[in-house]
2 protein chains.
Amino acid sequence: MAYRQTNKVKEKLERKKGDIIRAAREVFAENSYQETSIKSIAQKAKIATGTFYLYFSNKEALINMIVDEMFQELLKCIKSEREKVTDSFEKLQASMEACIRLFIKEKSMAKILLIQVPGVNNAFNAKLTEIENELIKLTKEDLDELKEEGRFPGEDSLVSAMAFVGSFRQVITSWLREGQPEDLEKAFDTLMKYNLRGLGKL
Amino acid sequence: MAYRQTNKVKEKLERKKGDIIRAAREVFAENSYQETSIKSIAQKAKIATGTFYLYFSNKEALINMIVDEMFQELLKCIKSEREKVTDSFEKLQASMEACIRLFIKEKSMAKILLIQVPGVNNAFNAKLTEIENELIKLTKEDLDELKEEGRFPGEDSLVSAMAFVGSFRQVITSWLREGQPEDLEKAFDTLMKYNLRGLGKL
DNA sequence: TAAATAAGTGAACCTATGTTCATTTTATTA
DNA sequence: TAATAAAATGAACATAGGTTCACTTATTTA
């Protein structure tokens, strides 16, 4: 008589939700938030537009979830790489290397975080800023540690940390948008050296 | 009998068009392109919404004109400062200093170019990329010149130029968004030193 | 197999905003 | 001042796309 959701179905729903998110990530990577319609996401996920709303309360909830997930993924990746080393200079390097590796592997993530999200709206930008600030904060902590150890003469560790992160950001963005530099891994070396000199590594 | 537009009126129209652009710059600086309505621009410019369309064919034409104007203004400012010096290191410094001075003076310009424009749409982003690329190109030219003179050992001048510009961009953006660093002029010094070390100034 | 309920569908609805246009106001000229 | 035409107005229009909902299909249980 009654009906209760069985495990098989629950798993199917989970899988479908994953499908929708995956489809949405693809679409959002190539089109701005405004230009991306629920219809196009539904099409790519092979569901009806109405079905979308069984899984997400609305469009904004979807992009929120996507960005939150990416944020977590990125942070997890960075932190796990940082744990493998102890030296603060190596931590700096590990953070950025983890970031670049992840972006190469998940280009759609990079495109969404660095290129598309800034266009959602002003309120949403706060979330992006939060991600960037987290990365800058990590960098600044490393610099302050190095400063204490007398291995970094740096004047202003916040501005230095911003310069550090900003230089990577610019190169990655150009790589995403224009495919230049072609070899991001190679550029990483140049960038790392540039920034270590910039910091005045002793 | 007939009627022909007199000079007094032509001037008035010019002034009004300027008013509209000025109003729009203010509004666009605080709200994203999508969030900015023609109504709100018209209100600020003290005209009726319909009047807007006597001066601009549509909303996109307006933002296009605004960004083009800003692009010209920025480039003019940079080039005039560059002409005052001959040394390539000084040219590098002059470019960024001109940029920062202009952004401090015209904060709404900075907000529109660096924060709001990326959110218009993907097609429009090409225009922003063009501006950035122009600045990177100038920087790269300076670096290549320094390289020839044997004053810059730099491996990859394109990546170095990106790092250079990106570090400034990050700091300016944070200043615009969060008011940090508080004193952008002071940060400029730190940044300049950072980048000169980064380049490996000999 | 039939009743019960969950999941899925896509056309229709709703709303927000860019744009238009019939009308009014302002400026020019004879 | 009257005729003419440009400039300004703002309510009305158009439409695009997010969201809803009456209906269909799929799944579970007795």
Among [options], which nucleotide sits nearest the side chain of [X]?
X     : options                : answer
A/Q5  : D/dG10, C/dG8, C/dA6   : C/dA6
A/R4  : D/dT29, C/dA27, D/dT27 : D/dT29
A/Y53 : D/dA8, C/dT9, D/dG18   : D/dG18
A/I38 : D/dG18, D/dA8, C/dG8   : D/dG18
B/T49 : D/dT19, D/dA8, D/dA11  : D/dA11
B/L54 : D/dA7, C/dT19, C/dA7   : D/dA7

Please give, in whole Å, the distance from [N] [atom2] to [X] [atom1]?
X     : N      : atom1 : atom2 : answer
A/I20 : C/dA7  : CD1   : C1'   : 12 Å
B/E11 : D/dA6  : CD    : P     : 19 Å
B/K46 : D/dG10 : NZ    : P     : 15 Å
A/K17 : C/dA7  : NZ    : C1'   : 15 Å
B/N58 : D/dA14 : CG    : P     : 19 Å
A/K10 : D/dT28 : NZ    : C1'   : 14 Å
B/I47 : C/dT25 : CD1   : C1'   : 16 Å
B/K8  : C/dT29 : NZ    : P     : 11 Å

Of A/Q34 and B/L13, the one whose closest DNA chain D nucleotide lies more 5': B/L13
Quick check on DNA chain D: between A/G50 and A/E35, whose nearest nucleotide comes earlier from the 5' end? A/E35
Base, sugar-phosphate, or nothing for B/T36, non-hydrogen atoms under 4.0 angstrom? sugar-phosphate
Report which part of the nucleic acid B/F56 touches: base, sugar-phosphate, or nothing (heavy-atom distance under 4.0 Å, all strands). nothing
Ring-face cation contact, [Y] with [X], 6.0 Å cut, 45° max:
X      : Y      : result
A/K76  : A/F71  : no
A/K59  : A/Y53  : no
A/K111 : A/F103 : no

Just to confirm, is there a sub-4.0 Å distance from OP1 or OP2 of [N] to any side-chain nitrogen or oxygen of [X]?
X     : N     : answer
B/T51 : D/dT9 : yes
A/K16 : C/dG8 : yes
A/Y55 : C/dA7 : no

Do the ring planes of B/F28 and B/Y33 sit parallel (below 30°), tilted (30 to 60°) or perpendicular (above 60°)?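 Taking B/Y33 first and then B/F28, their aromatic rings lie parallel (interplane angle under 30°).
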Looking at B/K137, I'd like to know if its NZ atom is crowded, meaning that more than 12 non-hydrogen atoms belonging to other residues, nucleotides or ligands lie closer than 6.0 Å.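 No.
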Taking atom NZ of A/K186 as the centre, report whether more than 12 heavy atoms of other residues, nucleotides or ligands fall under 6.0 Å from it.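 Count not over threshold, so no.
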Closest-nucleotide mapping onto DNA chain C: is B/K59 or B/T6 further toward the 5' terminus? I mean the 5' end.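 Its nearest nucleotide being more 5', the pick is B/K59.
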Judged by each residue's nearest nucleotide on DNA chain C, which is more toward the 5′ side, B/S37 or B/V9? B/S37
